[in-house]
Amino acid sequence: GAFTVGNYLATRLEQIGLKHYFMVPGDYNLVLLDELLSNRNIEQIGCCNELNAAYAADGYARANGCGALITTFNVGAFSALNGLAGAYAERLPVILVSSGHNTNDPAANHVLHHTIGTHDFSYQYEMFRHVTCAAVRVLHADNAPSMIDHAIGTALHERKPAYIEIACNLSDAPCLAPGPFETVIFQRSSGSSALDAAVKRATVLLAEAKKPLLLAGVHLRAFGAIDAFRELAEALGCAVAVMPNAKGFFPEEHPQYIGIYWGGVSTPGCEPIVDWADTILAAGPMFTDYTTAGWTALPPPEHLIDAQPGHVRFPDAECTNVALADFLSAVARKVSPKNATLEQYRRLMGKPVGETRPPASSNPGAALTRAELWRQIEQEIDAKTTLLVETGDSWFNGMYTHLPDGARFEIEMQWGSIGWAVPATFGYAMGLEPGRRLISVIGDGSFQLTAQEVANIIRHGQETLVFLVNNRGYVVESEIHDGPYNYIKNWDYAGLIPAWNAEDGHGLGLKATTAEELASAIERARNHHGGPILIECQIQHDDCSRQLLKWGARVAHANSRPPQQG
Ligand SMILES: Cc1ncc(Cn2nnc(CCOP(=O)(O)OP(=O)(O)O)c2C)c(N)n1
């Protein structure tokens, strides 16, 4: 039959590769949810709240390329706002669809429920415009196709979220059938002369360099440039470092890999080589207070080629209209090998090493320590594993955990919103390709923000392994600047799982207070099926990574800069 606005939307969501979308129902969106259900190729997934739905769509986008969620007007969308802004920060195309008021209400001068009680219905759209790359309000069915396509196409092109508001009485209104899908997706391309100019400049600089080095940045994945980066690395043969939020974007077992470059908390031996390089080509970096350890790890501009998603900045020029992947591949075809930085690293460090991990605890019955916990976690990571870490000391412990080839790493370093990890774990697992597995490491403080989404991990029988690090509070905060506010009420975290299981769940909750308890819990996890395993690992509050201590001091120092006088 004829298309409706709702199944036009469903068709586009299916065409951009979604198999699932997340939602919380509300009276404004029930008809839209029915229209979406009529498309059997995409599955409707309920979440406990809209913030969790947004984080789940973020996690899904990390596994699947893009994500979507449906909310009701105001009370739903505003909860999702934090998650959508996070998708913007993390460069993830998450589509938020919010149902809105009936198109007759403005002319009728009505005041409506789920609003702040005024006659202005546009403020939600205005707010979402600030955290999306495209925002549209469908107030007439005729405009639905072009508006929906504009929002979705822009989100995919910019790798950022988009906002689509659909009046509740248009959800099942007739509209034109969708045109060919290719009209929606427009690839990021370079201007040919712009690309040539950028490549020429880079080639000259690299030819003049005696000791070039490559630095992988966070945008490599969002802009499809991971392979191009590796091409350039293997053409140059130089040392390759990665920024902390690009961990895993270059294989850690690659002979040219020299570790994480993070200033004073870099992988041992990495920082001196970056400092020694005379030309650094950084591919897709975001240099922020966190990724530069409080501005102590900024490559000198005179040595830097900074290749961004749409432009390349040189010491003395900027070339715009240049796509990152095009640029890296083209330069790879022009350069000749220069391995001085890699040779120097090997002189200093011998074979490529990561963090040397302490041996297993001599007394398995001793109280569990952070080092022992992460030694055992590292053993669980294989080529099919994704390690997802929540904001907290898990960032640092995860950062120096070795990834075998094929393993992946997920971190939300730019947005850094605690509570992201549980729903992101749910969404990531929903989008996970068969045969892969997810291990998430989440601190007790973060867990308390969005814990209830574990119930949906149980509902969908996801066999995710969650390490809940119970160090009695907000340790990452304590190490930056301590106070009574960093201490929280303890929960019986493992004891929550049976509560969420109720009569039909198969989650498993275990506690580990010693090395041997942890080892047996992990063994039980290996043989558990039909639901998630949450292992509550109890360690001391100040048992944190040395990197957190050093990094925390630098970030605290950066935060405490006095206001500029005058
Ligand atoms: C939404 C949001 N609210 C507050 C913060 C500040 N914050 N960052 N990390 C934390 C504490 C994290 O504690 P945990 O998850 O227990 O992790 P650990 O640091 O390993 O103890 C806070 C309170 C934040 N990053 N995001």
Side-chain angles (χ1 to χ4, degrees), residues 49-52 54-55 58-59 78-90 131 244-245 265 288-291 294 368-374 377 387-401 410-425 439-454 466-494 496 512 534-553 555-556 558-559:
N49 63 53
E50 291 85 351
L51 172 61
N52 291 3
Y55 285 149
D58 170 308
F78 288 162
S79 286
L81 188 59
N82 178 347
L84 216 69
Y88 193 109
E90 300 291 318
V131 293
N245 48 4
V265 291
T288 73
D289 51 348
Y290 272 21
T291 62
L368 183 61
T369 63
R370 178 197 58 83
E372 175 59 16
L373 165 62
W374 280 89
I377 291 174
L387 174 64
L388 183 149
V389 292
E390 172 68 282
T391 294
D393 197 32
S394 301
W395 271 7
F396 302 93
N397 296 303
M399 194 57 65
Y400 305 102
T401 297
E410 292 295 345
I411 187 169
E412 195 207 34
M413 184 171 282
Q414 182 52 34
W415 191 240
S417 180
I418 60 171
W420 161 83
V422 170
T425 292
I439 292 179
S440 293
V441 188
I442 305 173
D444 54 334
S446 299
F447 186 78
Q448 291 196 1
L449 275 84
T450 55
Q452 78 276 75
E453 212 61 37
V454 169
V466 176
F467 290 94
L468 189 289
V469 184
N470 186 356
N471 54 19
R472 299 304 181 102
Y474 302 147
V475 170
V476 68
E477 301 292 301
S478 290
E479 307 312 335
I480 291 177
H481 175 108
D482 207 3
Y485 31 76
N486 290 329
Y487 297 84
I488 58 179
K489 168 84 182 71
N490 189 35
W491 292 3
D492 174 4
Y493 296 97
L496 288 167
L534 182 140
I535 304 176
E536 177 189 340
C537 307
Q538 298 185 8
I539 62 174
Q540 295 299 311
H541 186 78
D542 284 329
D543 182 3
C544 67
S545 66
R546 63 178 175 76
Q547 290 89 352
L548 171 56
L549 297 177
K550 186 176 246 190
W551 176 89
V555 166
N559 287 343

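For ligands, and for the atoms within them, numbers begin at 1 and follow the listed sequence.
At least one heavy atom of Gly416 lies less than 4.0 angstrom from ligand 1. Judged by the shortest distance from any of its heavy atoms, Glu477 lies inside the 4.0 Å radius around the atoms of ligand 1.
Between Leu496 and Val454 the shortest side-chain heavy-atom distance does not fall below 4.5 Å. Proximity of Ser545 to Trp374: side-chain heavy atoms (C-beta onward) are nowhere separated by under 4.5 Å. The side-chain heavy atoms of Leu549 and Phe396, taken from C-beta on, include no pair separated by under 4.5 Å. Between His541 and Tyr487, the closest side-chain pair of non-hydrogen atoms falls below 4.5 Å.
Remark: ligand 1 atoms within the under-4.0 Å shell around heavy atoms of Ser417 are 1 (C), 26 (N). Under a 4.0 Å criterion applied to the non-hydrogen atoms of Asp393, ligand 1 contributes the atoms 18 (P), 19 (O), 20 (O). Here is the list of ligand 1 atoms found below 4.0 Å of a heavy atom in Asn471: 18 (P), 20 (O), 21 (O).
The closest protein non-hydrogen atom to atom 19 (O) of ligand 1 is Val476 N, 2.7 Å. Among protein heavy atoms, the minimum distance from atom 14 (P) of ligand 1 is reached at Gly445 N, 3.6 Å.
Annotation: Asp444 places an N or O atom under 3.5 Å from an N or O atom of ligand 1; distance criterion only. For a threshold of 3.5 Å applied to N or O pairs, the pair formed by Tyr474 and ligand 1 contains no separation below that value. Note: no N/O pair closer than 3.5 Å links Phe447 and ligand 1 by distance alone. Considering backbone and side-chain N/O atoms, Ile418 comes within less than 3.5 Å of an N/O atom of ligand 1.
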Could you check Asn490 against Asn470 for side chain to side chain donor-acceptor pair (under 3.5 Å), going step by step and ending with a plain yes or no? CA-CA 9 Å; Asn490 189 35; Asn470 186 356; 3.0 Å; yes
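In plain terms, the two heavy atoms of Pro423 and Asn52 that are nearest each other are CB-O, 3.4 Å. Taking both residues in full, the closest heavy atoms of Cys537 and Leu368 are given as CB-CD2, 3.9 Å, listed atom of the first, atom of the second, then distance.
Among Ser446, Gly443, Ala421, Ser478, the residue whose heavy atom lies closest to atom 12 (C) of ligand 1 is Ser446.
For Tyr88 and Trp415, the gap between ring centers reaches or exceeds 6.0 Å.
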